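This one's a predicted model, so the numbers in the text were calculated from it and none came from an experiment. Throughout, a chain's letter reflects where its sequence line sits, starting with A, and its residues are numbered from 1.
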2 protein chains.
Amino acid sequence: MNAEKGPLPRAAAEEYASWFKALADATRIQIVSLLARRRAPMSVGEIVAASGVGQSTVSHHLKILAEVRFVLVERQGTSSLYRINENCVRSFPTAADVVMGEPVPAAPTCG
Amino acid sequence: MNAEKGPLPRAAAEEYASWFKALADATRIQIVSLLARRRAPMSVGEIVAASGVGQSTVSHHLKILAEVRFVLVERQGTSSLYRINENCVRSFPTAADVVMGEPVPAAPTCG
DNA sequence: ATCGTCCATCGACGATAGTCGATGAAATGC
DNA sequence: GCATTTCATCGACTATCGTCGATGGACGAT
């Protein structure tokens, strides 16, 4: 932990924020927890049926979660199978990391 | 960790999301890290000077951070002194908590 | 009492984000 | 080839958010 007196540089703060933004929505949290409980990959249709929002909305959130590597996608035939990326879950920064200015765990490269 | 098959209930997901929303902005992360590095309380004016955004903006973010008890405020004379709430930082949920459905650590009651 | 300082709140603005319905594209089956 | 399924993308709408400037209230000093 570095403890200079200045604020965290803006660029680092934005990188941290991009992490937390990925989990700053209730629908995304539901999707992520759903994928984590079923440890097996799930198709978009299954996620739609379980989450209660529209198909395009689920697809949109899955894209956001995939951009930060929180979920991994694999095409199989006509369907896309999503699964949780446990490496990325583990490297997610804690609040203590942020306030103490720990180095950012390289957002899009966690697994 | 509970591992039923259904998604996390919407209410729990929203409570989690409210936590992460508090850190989902670069300016708030800068403010929080600033307060954590100086361990002493800081006035709003000091935070404004160090963060590079307007006074009303800082005041707005401090209000959000105080609502989730991430910072604590104490009036002293004409100025308000803000300091980090280390209990709240420690009880902030990890990503693993969320995806595994750990019980929410009682957002507004962490310290 | 008056002035000046410090801060919270208000109103407004632009930007971003979440949701939906509709459209389109890729793969499968007939 | 054609229809069907499955999903991603597009366009539009609304709501929320971050920021600012201005206003006003509380407190201290003169």
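- For I64(B), the listed nucleotide lying nearest its side chain is dG18(D); candidates were dG18(D), dA22(D), dT5(D).
- In the set dT19(C), dT19(D), dG21(C), dT19(D) carries the atom at the smallest distance from any side-chain atom of R10(A).
- Residue V53(B) is classed as a sugar-phosphate contact, given heavy-atom separations below 4.0 Å to backbone atoms only.
- Across all strands, S59(B) comes closer than 4.0 Å to base atoms (heavy-atom distances).
- For K21(B), the listed nucleotide lying nearest its side chain is dC17(D); candidates were dC17(D), dT19(C), dA8(D).
- Which of dT19(C), dT9(C), dT9(D) sits closest to the side chain of D25(A) comes down to dT19(C).
- Checked against dG18(C), dA26(D), dC7(D), the side chain of H61(A) finds its nearest nucleotide in dG18(C).
- Closest to the side chain of Y82(B), out of dA8(D), dT19(D), dA8(C), is dA8(C).
- Atom CD of E14(B) is separated from atom C1' of dG18(C) by 13 Å (rounded to the nearest Å).
- In this structure, S80(B) reaches the sugar-phosphate backbone alone: every heavy-atom distance under 4.0 Å involves primed, P, OP1 or OP2 atoms, never a base.
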- Item | side-chain contact (heavy atoms from CB on, under 4.5 Å) evaluation trace for I31(B) with L62(B) | CA-CA 8 Å; I31(B) 291 174; L62(B) 285 171; 3.8 Å; yes

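- Computed from coordinates, the I47(A) CD1 to dT6(D) P distance equals 14 Å when rounded to whole Å.
- Few gaps surround CZ on R10(B); more than 12 heavy atoms of other groups in view lie less than 6.0 Å from it.
- Taking atom NZ of residue K63(B) and atom C1' of nucleotide dC7(C), one finds them 13 Å apart after rounding to whole Å.
- Protein atom CD of Q55(A) is 13 Å distant from nucleotide atom C1' of dC10(D), rounded to whole Å.
- Separating the CZ atom of R75(B) from the C1' atom of dC7(C) is a distance of 8 Å, rounded to the nearest angstrom.
- Listed nucleotides: dT5(D), dC10(C), dC7(C). Nearest to the side chain of T78(A): dT5(D).
- Side-chain N/O atoms of S56(B) include none lying less than 4.0 angstrom from OP1 or OP2 on dA8(C).
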- Task: Go through the steps to decide whether T94(B) and F92(A) satisfy the test side-chain contact (heavy atoms from CB on, under 4.5 Å), and finish with yes or no.
- Result: CA-CA 7 Å; T94(B) 67; F92(A) 196 93; over 6 Å; no

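- Using modelled atom types, no side-chain atom of E14(A) and backbone atom of A26(B) make a donor-acceptor pair closer than 3.5 Å.
- Distance, L81(A) CG to dC7(D) P: 8 Å, rounded to whole Å.
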- Task: Would you check, one step at a time, whether the test side-chain contact (heavy atoms from CB on, under 4.5 Å) holds for F20(B) with V98(B)?
- Result: CA-CA 10 Å; F20(B) 288 100; V98(B) 173; 3.4 Å; yes

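- Across the protein-nucleic acid pair, H60(B) atom NE2 and dT9(C) atom C1' stand 11 Å apart, rounded to whole Å.
- Distance, L62(A) CG to dT9(D) P: 11 Å, rounded to whole Å.
- Within the structure, a side-chain polar atom (N or O) of R28(B) is placed less than 4.0 Å from OP1 or OP2 of dG18(D).
- Judged by distance alone with a 3.5 Å cut-off, no donor-acceptor contact links the side chain of T57(A) to the base of dG18(C).
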- Test log, rule side-chain contact (heavy atoms from CB on, under 4.5 Å), inputs V68(B) and C88(B): CA-CA 8 Å; V68(B) 294; C88(B) 204; 5.7 Å; no

